[in-house]
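By convention here, the first residue in the shown sequence is residue 1.
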Amino acid sequence: MDSYSQLLKYTEPADDWNKALPVGNGRIGGMIFSQPLCERIQLNEDSVWSGGFRERNNRSALPNLQRVRELLFEEKIAEAESIVLDAFCGTPVNQRHYMPLGDMNIIHYKDDTADFKYRCLDLETAVCTSEYSINGCDFKREVFVSQPDQVMVVHMTASKPDGINVRLKLDGRDDYFDDNSPVGENDLLFYGGCGSEDGINFAAYMKILNKGGKVYPYGSFLTCEGCGEITVLLGVQTSYRHNDYKGQAIYDVNCAAQKSYEQLKAEHIKDYRSYYSRCEISLEDNSGGAAALPTDQRLEKVRAGGSDNKLMELYFNFGRYLMIAGSREGTLPMNLQGIWNQDMWPAWGCKFTVNINTEMNYWPAEICNLGELHTPLFDHIEKMRPNGRVTAREMYNCRGFVCHHNTDIWGDTAPQDLWMPGTQWPMGAAWLCLHIWEHYRFTLDKDFLEEKYETLREAAEFFTDFLIPDKKGRLVTCPSVSPENSYLTESGSQGALCIGPSMDSQILYELFTAVIDSAEILGRDKAFAEKLSAMRDRLPKPEIGKYGQIKEWAEDYDEVEPGHRHISQLFALYPADIISVRKTPELAAAAKATLERRLSHGGGHTGWSRAWIINHWARLFDGEKLYENITALLSHSTNPNMFDMHPPFQIDGNFGGTAGICEALLQSENSEIILLPALPKAWKNGSFSGLMARGGFEVSCSWENGEMLCARIRSLKGGKCSVVTDKKYKIYREENQVSAVYSDGAYTFETDGGALYCVR
């Protein structure tokens, strides 16, 4: 693979956090500024949060539930909202929030000028490198975070055998009391808490291994004097995972110190590539030479109207890199900023916002062949279940478990914030559980489904009690909101709290279907499946409104913000497949009208919203609109370091954009594989390999002049395969043609597990 799509590179050090480069192993994260004289590596650990678990369920909710429902049916919206803001909010209002660990500083204490050469992040090795010179001595720093050894590694070399004269310290947590004292000749222990009595405590242990010269303590620093090479090892642990978190951090570092730098790096790269090498896309370079420029200059060229397919390819690869660096088995799921956050009080608490953002973080996991990295989200759902049962019972007198639009490190499920358009939304657990079903649909892992069935069932069970009939006899949620929009009634009053918003019914259709199908696959729970099937038939279906759009609410209200960032009513188009061009063309046309209306009123102004729109256009098979919106994502919502901007930084847009690029090349909705469904003209030549399709298929494909040359489909589990195409092809297993039935624009054929099939 060429460096144009594998390397983030720059000719200046970062003078801002949004220009620094991220490294991580799912648990430990760092932002590398590459400042030559006074380097800052901003540090994170995924479990450094502000405090312990709090019981926040509002016991006034249940006594007021029926009254709120009556007021909504009487269209006394303001009165209903007034009650909800007092009686249904969390007590206290806010959940716990994510916090930074601090900073590592590397200071050349004898020098005050340097010549900077370059810095880069190599996506093929997950190593961040910077080079500079001071007074004729060349320096090189490499930084990575090792998953096998659970440490951050900083390696520094000089062209002169005594050239390294630096001081290192750990600090940077505002006024929180932390100890950062050296504890030996080449060791420093940085430890403290998160500001509350029941908070999470942490320890970061740093050891310096040197060749030549000496290392010794100096105040709060470790000083390296006259060294030719140093390796800095940083271990981090917290009381969230270990009682003896200090001892564990020291143990991690001491184990890593038994290995050479070359061995640490080789094992890190081997582990990382075992994920990163699974899939690849290749697009023809159309940049006219711009692809060779530094990354920030390439972004500027696109903002000025230039084209750069290789930058889009780089964006795709960076998204995969961020998932491997930010979400590993045994870690917490990625929050609003993945694991990278520098603020003690970050925007929106840097929590898990589950009315789209956390879900979007994991949209690329399955299709990009990274299904194991989905597991932190599944683990967190299990953490939410016992809390969600209490919330369901105390707030709504319902069985099952429920979560609202946010959760935190402890799996808190009570409402968050005092903000009517977002707070009172009871669908968080339901949407999250659909990721369990998606993992099964991609892998056909029956053991996994057996393990997670009760979780799916319990999420659905809540709604067997919570749903009520509306005036048309349909089963609807009440009270709820359409995240995070507000509406205008015919009388001109404004509201957010409502009955049966479209997204709720769409999520429930998918959840009930998941449980019904799971019960059949597993041969269990027939009575409950039949109950859900009858209830599913009574859910509101997607409807077309007065503007030719998909209605966002049960009533055809106007939006207070027609260009709102959330396009909740199109959940049915993506990530669900209730609406599709092939199966529901009239609804697909209405979905297109919905997008056009949103965009004409300024929609797509946040990075994650633009990313969702990319996926919508892909599902509508519109490659040109998809390309236009990927370009807009790069032009208006991408920082110099390729991080997504809400603004401020939110990582979900990176993952949504990565998923959208995949959806342009491969889709697998409604039990069909669709090859090159939204291929832009600008991507006229290219290939992809290792992408996954639902049904247990691994797919590769090449094309020229916009026409498919050959697709290779490996069936991992066997079973029927349907491939949509408007061209005549033949299917081969090795050199033998396979019998296939062509009907309704698709070839259908039987497969054997492990066999490779070629469509050409």
Side-chain angles (χ1 to χ4, degrees), residues 21 23-30 32 34 39 41 43 104 106 108 119-132 137-170 182-190 203-217 222-237 247-277 321 324-325 328:
L21 294 172
V23 292
N25 69 347
R27 186 176 65 82
I28 302 170
I32 316 302
S34 297
E39 169 67 312
I41 300 176
L43 302 170
M104 178 192 295
I106 306 172
H108 283 268
R119 62 187 176 104
C120 69
L121 174 62
D122 188 339
L123 301 183
E124 291 190 288
T125 63
V127 176
C128 184
T129 303
S130 53
E131 293 193 17
Y132 55 96
C137 183
D138 296 329
F139 295 90
K140 181 178 182 179
R141 288 199 299 253
E142 293 184 325
V143 185
F144 60 86
V145 188
S146 169
Q147 168 67 12
D149 289 291
Q150 288 296 302
V151 293
M152 174 180 283
V153 181
V154 181
H155 185 247
M156 185 173 178
T157 57
S159 61
K160 296 179 181 180
D162 59 351
I164 298 177
N165 296 284
V166 296
R167 288 182 179 142
L168 291 88
K169 69 172 182 176
L170 299 174
V183 292
E185 291 300 304
N186 63 339
D187 307 86
L188 188 151
L189 183 62
F190 175 53
Y205 182 69
M206 182 170 70
K207 180 187 286 290
I208 300 176
L209 307 175
N210 59 301
K211 291 184 179 180
K214 58 182 179 179
V215 179
Y216 57 89
L222 291 176
T223 297
C224 304
E225 184 176 312
C227 303
E229 177 181 336
I230 63 170
T231 301
V232 184
L233 303 176
L234 179 76
V236 185
Q237 293 291 351
Q248 186 64 45
I250 294 169
Y251 176 81
D252 292 343
V253 168
N254 286 336
C255 287
Q258 303 304 308
K259 301 178 181 180
S260 68
Y261 173 71
E262 290 72 22
Q263 186 178 358
L264 290 167
K265 183 178 178 182
E267 292 177 2
H268 155 72
I269 292 173
K270 181 181 178 182
D271 166 76
Y272 170 77
R273 282 182 172 166
S274 70
Y275 297 94
Y276 187 77
S277 299
Y321 167 82
I324 302 167
R328 291 293 195 101

Decide yes or no for Glu131 and Asp138: does some side-chain heavy atom of the first lie under 4.5 Å from some side-chain heavy atom of the second?
no
When rounded to the nearest 0.5 Å, the distance separating SG of Cys227 from CE of Met156 is 9.5 Å
When Asn25, Ile41, Val236 are each screened for side-chain contact (heavy atoms from CB on, under 4.5 Å) with Met152, the one that passes is Ile41
Taking only residues two or more places apart in sequence or in another chain, which ones pass salt bridge (Lys or Arg N to Asp or Glu O under 4.0 Å) with Arg328?
Asp271
Compare all side-chain heavy atoms of Gln147 with those of Tyr272 and state whether any distance is below 4.5 angstrom.
no
When you measure from the side chain of Asn186 to the backbone of Ile208, do you find a donor-acceptor pair of N or O atoms at a distance under 3.5 Å?
yes
Backbone N or O of Glu124 within a donor-acceptor pair of the Arg273 side chain at under 3.5 Å?
yes
Glu185 side chain to Tyr216 main-chain N or O, any donor-acceptor pair under 3.5 Å?
no
Gln258 and Asn254 side chains, donor-acceptor separation under 3.5 Å:
no
Tyr261 and Thr231: which non-hydrogen atoms are nearest, and at how many Å?
CB-OG1, 3.9 Å
The reported gap from SG in Cys224 to NZ in Lys214 (rounded to nearest 0.5 angstrom) is 12.0 Å
List the steps and the verdict of side-chain hydrogen bond (donor to acceptor under 3.5 Å, both in side chains) for Tyr251 and Gln237.
CA-CA 10 Å; Tyr251 176 81; Gln237 293 291 351; over 6 Å; no
Got a second to check how far Asp149's CG is from Leu233's CG, nearest 0.5 Å?
8.5 Å
Suppose we screen for side chain to side chain donor-acceptor pair (under 3.5 Å). Which residues come up paired with Asn165, at least two apart in sequence or across chains?
none
Can you check whether Val23 reaches Ile32 side chain to side chain, under 4.5 Å on heavy atoms?
yes
If I take atom CG from residue Leu21 and atom CG from residue Asp122, how far apart are they, to the nearest 0.5 angstrom?
11.5 Å
Minimum heavy-atom distance between Cys137 and Gly163, given as atom pair plus value
SG-CA, 4.2 Å
Which pair of non-hydrogen atoms, one from Gly235 and one from Val151, has the smallest distance, and what is that distance?
CA-CG1, 4.2 Å
Check whether any side-chain heavy atom of Leu43 sits under 4.5 Å from a side-chain heavy atom of Leu234, and report yes or no.
yes
Between the side chains of Arg141 and Tyr132, is a donor N or O closer than 3.5 angstrom to an acceptor N or O?
yes
Atom pair CZ (Phe144) and OG1 (Thr125), whose distance is rounded to the nearest 0.5 Å
9.5 Å
From CD1 (Ile164) to CG (Asn210), nearest 0.5 Å
9.0 Å
Side-chain donor or acceptor of His268 paired with backbone N/O of Ala126 under 3.5 Å:
yes
When every non-hydrogen atom of Pro217 is compared with those of Pro182, the smallest separation belongs to CB-CB, 3.6 Å
Under 3.5 Å, side chain of His155 to main-chain N/O of Glu229, donor-acceptor pair present?
no
Between Val183 and Tyr205, is any pair of side-chain heavy atoms under 4.5 Å apart?
yes
Are any of the side-chain heavy atoms of Val154 and Glu39 separated by less than 4.5 Å?
no
